[in-house]
Amino acid sequence: MKSESINVKKNDDEIDLRQLFQNVRRKWHYFIVSLLVFGIAAFFYIRFTLPIYEASSSVLVKDSKNSSKNIEDFIAGDVFGNQKNIATEMGILQSRSVLEETINELNLEISYYSEGTFFKQPLYKNNPFSVKSVSVTNGVYGEYFELTILDSGRFNLETEIDNNILVDFKYDKPHLFGEEIRTPNFSFSIEKIEPEFSNISDKKFYFKINSINSLINYYKDEKLKVNPLNKDATIVTLSVQDNNKERAVDFLNKIGEVYINRDVRDKAAVAGLTLKFVDEQLADISKTLGGIEQDLQNFKEEKGTVNLSQESQSYLERLTNIDADRIKSQMDLSSMDYLYDYVTKNKDLAQLAPSSLGTPDPLLINLISDLQLLQNKRKSLRFGTSDANPAVKEIDEQIAATKNSLIENIQSIRNRVKVGLQGITKELAESEALIKKVPRIERELLGIQRNFSVNENIYLYLLQKKAETGIAKATAVSDNKVLDLASINEKPVVPNKKAVAIVIFLLALLVPLFIILLQGFIQNTISSREDIERLTKIPIIGIVGHMTTGNRMAVANKPKSSIAEAFRSIRANLMYFGLSETKKVVLITSNVGGEGKSFSTLNLASVLALQHYKVIIVGMDLRKPQLVGDLGVKNDKGVSNYLIGAVTLNEVIQKTPVENLDIISSGPVPPNPAELLAKKETVQLLNTLKGMYDFVIIDTPPVGIVSDAMMMMNLADINMFILRENYSRKDYVKTINDLYAQGKVENLCILLNDTGTHRRYGYGYGYGYGYGGYGYYDEDHKNRSWFSKWRKAKTA
């Protein structure tokens, strides 16, 4: 056999599926144990985990009705018309302000618990007491207080706090219900709640004080989920998880209510801006009217009752109309000044309603509407990106351009109003020149009456505008609405028994499989015949199972045992391998001690002797002989004596209890075993024995420890190398490969010793032999399980 064919090169990282399957079969009990362990863990997890339930609701969001597709829409990934508006509303629904208002209205700052068997049971709306007038330091937030009810009027309050803020703080005192409890770190009072307090059966309760900020973060980041129903609908679904069903439902219903009320308040705030402007004008006009009315009263008292002539009455009506136009123009100019200040000083124009300010200019209204729409788009984009996003930069440029256009339009309207006001002032001056023809007293009355009439008309106009705006504010209705009130899923989402069962099943399969794979990767010993086949192409002459008894003479003492049958198979394979009348010498060695070299020597010789061959064992392990004890022979004379010429051959040959089997023991341990075996007398001894016996079996020291066996291998016809399962290291095979590749050893074969009793092998060259499980071996009868015996009895 050529040396190139000896080594089998395989990547160590490759997984041999056939070997893996066999490992799984051998270690099936790993999976049973894993299933039991994970099953018990799952039971305790389900039993001792506080259930968490999920509530859900839905909200209809107003449609922006914007079908335009600008470049920023595509940059932001918005190819559907209303998605960015939904993103804005989703951001509002889970905003900190909405969550804070919801938490405050539900009084979630205090969490109450009753004492349970395995965990603290949360209470909601059925707590027998409430904590009032709370004031605490930061170190108290999130810490449990234990309240033990002593009687109907007293309780004991206890807490132990040790955190980064408050170190080693303890409190344990009795108190009366309603009494103020005050310390440097907290102050509050505890009051009874009827009828829950009268019906309590437990005596011990717990509560903790939560910071609003931590509660907001808790719901925002962990519990509250807000998602669009689908890409085409303007419907948002909300869900929240809680270990209390009623609290989960109340939280979602309250957050929907807060969201709708917030939208109504925003609409009312738009009308409020108009009311503010109108109220400012009304205050000025009212003050002016009061003064004019007083002047008119004083004039009539001083001059007596005076009636205007028909000509004066005509002048009054004309001047009143001109004055009304003048004051309206002045109000328009004031509204433009107000609008200009608001636009230049405020970034957000969401609450600006130009149509409510009495400004009918359509371009102005369109510009404000466009600016509001662009700002809403920017808010939508900012919920999922930063200011550096190209879409945000693009929309910022549009906002700036639109705002500049708006300011220019306001200034244009102001200039136009000023020009109109100048014309009115000129017309008014011409009309006032005609009044000079009227008598002085009548002219004075005309001036007072004219001033009063003009301001009265403006006052009535503003009152009408205020009434209209007030009605709009009072009847503000949200475009959004809650579609479905919160409903609870009665099955807890945690622990999910079905999911737990699936996970446990997968873990019960994967963990043992991983362990088996890991063992295969880190194991450095021979674990199976396949390991040897991957490492070398030197033939495997046979496989011997594990010996359960202490007597190593298995073949001689138990000829029907599985080990005896394995050696019979080895005997047959040796014949195929070349053992014959001309090739009689078999040398047995190993790499290190303990691999079964002497055991294999004894039983191979025995199985050959049982077939009526004359067999002799030559003990050439001159350093640590082990054969004599098993065969019950003496070791006072042996190979060492013969090789120095102290005794004759007949004197060292001894009979054994096994028929047809003789032995030459190693003899006393010499000081120079290697030199002794290297003498020519060793060759002469073997040649003589080949003429006297059918087969010569040589027992040698391990080749990995001393060089004695190396010298003997060239004298043998067949060299048998022993490897022991789960004992011999994989790199031992390299020793065999090197010996063969270097041409130092020929006719080399391997015997795998001490394999698992569950392993089954069949016939063939280089293979072991076994019938396991069919009642062929003696141990099959002895080790048969009670189930196998019962099944056999039933079928008999």
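Remember, it's a predicted structure, so these values are computed and weren't measured experimentally. Start at 1 with the first residue, then count along the sequence. When reading the values below, keep in mind they use all heavy atoms of this one structure, side chains included, and skip hydrogens, waters and symmetry mates.
Contact record, Pro51 with Pro495: CA-CD, 4.1 Å, taken as the closest heavy-atom pair. Nearest heavy atom pair, residue Leu50 against residue Lys120, reads CD2-O, 4.3 Å. Of all heavy-atom pairs between Ser528 and Glu725, the closest is CA-OE1, 3.9 Å. Residue Glu595 comes nearest to Asn753 through the heavy atom pair O-ND2, 3.2 Å, listed as atom of the first residue, atom of the second, then distance. Phe119 and Arg47 get closest at one heavy-atom pair: CE2-O, 4.3 Å. Between Ile255 and Leu93 the shortest heavy-atom distance is CD1-O, 3.5 Å.
Around atom CZ of Phe514, no more than 12 heavy atoms belonging to other residues, nucleotides or ligands sit under 6.0 Å away. No more than 12 heavy atoms of other residues, nucleotides or ligands lie within 6.0 Å of CZ in Phe505, so this atom counts as exposed by the packing criterion. Counting heavy atoms of neighbouring residues, nucleotides and ligands inside a 6.0 Å radius, atom CZ of Arg182 does not exceed 12 of them. Within a 6.0 Å radius of CG in Asp172, other residues, nucleotides and ligands contribute more than 12 heavy atoms.
Aromatic pair Tyr144/Tyr113: ring centres closer than 6.0 Å. Aromatic ring centres of Phe177 and Phe155 lie closer together than 6.0 Å. Separation of the Tyr171 and Phe186 ring centroids falls under the 6.0 Å cut-off.
At a threshold of 4.5 Å between non-hydrogen side-chain atoms, the residues Thr234 and Ile86 count as touching. When side chains are defined from C-beta on, Val511 does not count as touching Val37, because their heavy atoms never get closer than 4.5 Å. Proximity of Asn244 to Leu123: side-chain heavy atoms (C-beta onward) are nowhere separated by under 4.5 Å. Side-chain atoms of Asn217 and Arg96, non-hydrogen and from C-beta on, do get closer than 4.5 Å to each other. In this structure, Tyr112 and Val131 have side chains that are in contact, with non-hydrogen atoms separated by less than 4.5 Å. Looking at heavy atoms from C-beta onward, Val500 lies out of side-chain contact with Phe38 at the 4.5 angstrom threshold. Using a 4.5 Å heavy-atom threshold, the side chains of Leu157 and Glu146 count as separate. For the pair Ile209 and Phe188, the minimum side-chain heavy-atom distance is below 4.5 Å.
Atom CD of Glu143 and atom CG of Asp162 lie 8.5 Å apart (nearest 0.5 Å). One distance of note links NE2 of His546 with CZ of Arg724; it measures 8.0 Å at 0.5 Å rounding. Atoms CG and CD1, on Leu108 and Ile212 in that order, are 8.0 Å from each other to the nearest 0.5 Å. Atoms CD1 and CZ, from Ile190 and Phe205 in turn, are 12.0 Å apart once rounded to the nearest 0.5 Å. Distance check, rounded to the nearest 0.5 Å: CZ of Phe251 to NZ of Lys223 gives 11.5 Å. The OG1 atom of Thr536 sits 12.5 Å away from atom CG of Asp531, with the distance rounded to the nearest 0.5 Å.
Between the side chain of Thr49 and the backbone N or O of Tyr45 there is at least one donor-acceptor pair closer than 3.5 Å. A donor-acceptor pair is defined here as one N or O able to donate and one able to accept, closer than 3.5 Å; no such pair exists between the side chain of Ser189 and the backbone of Glu180. Side chain of Asp731 to main chain of Lys734: no donor-acceptor pair is present (N/O by atom type, distance under 3.5 Å, no hydrogens or angles). The closest donor-acceptor contact from the side chain of Ser95 to the backbone of Ile92 lies under 3.5 Å. Judged by distance alone, the side chain of Asn156 and the main-chain N or O of Leu150 form no donor-acceptor pair under 3.5 Å. Counting only distance, with no hydrogens or angles, the side chain of Asn253 and the backbone of Ala486 share a donor-acceptor pair below 3.5 Å. Under the 3.5 Å distance criterion, the side-chain polar atoms of Thr137 are matched with a main-chain donor or acceptor of Asn185. For the pair Asn210 (side chain) and Gly142 (backbone), a donor-acceptor distance under 3.5 Å is absent.
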What's the verdict on side chain to side chain contact (heavy atoms under 4.5 Å, CB included) for Tyr124 and Leu106, showing C-alpha distance, side-chain angles and the deciding distance?
CA-CA 10 Å; Tyr124 178 70; Leu106 291 177; 4.0 Å; yes

Kindly determine whether Lys204 and Thr148 satisfy side chain to side chain contact (heavy atoms under 4.5 Å, CB included), including the steps that lead there.
CA-CA 4 Å; Lys204 187 176 290 186; Thr148 304; 3.9 Å; yes

Going through the distances and angles, do Glu246 and Asp242 end up as a side chain to side chain contact (heavy atoms under 4.5 Å, CB included)?
CA-CA 9 Å; Glu246 188 176 4; Asp242 202 317; over 6 Å; no

Test side chain to side chain contact (heavy atoms under 4.5 Å, CB included) on Ile181 and Lys173 and set out the steps.
CA-CA 10 Å; Ile181 304 171; Lys173 289 184 180 179; over 6 Å; no

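Using a 4.0 Å cut-off between charged nitrogen and carboxylate oxygen, Glu115 and Lys203 do not count as a salt-bridge pair. A salt bridge between Lys254 and Glu105 is present, with a side-chain N of the basic residue lying under 4.0 Å from a carboxylate O of the acidic one.
If you check the side chains of Asn480 and Tyr259, you find a donor sitting under 3.5 Å from an acceptor. Between the side chains of Ser58 and Asp484, at least one donor-acceptor pair of N or O atoms lies under 3.5 Å.
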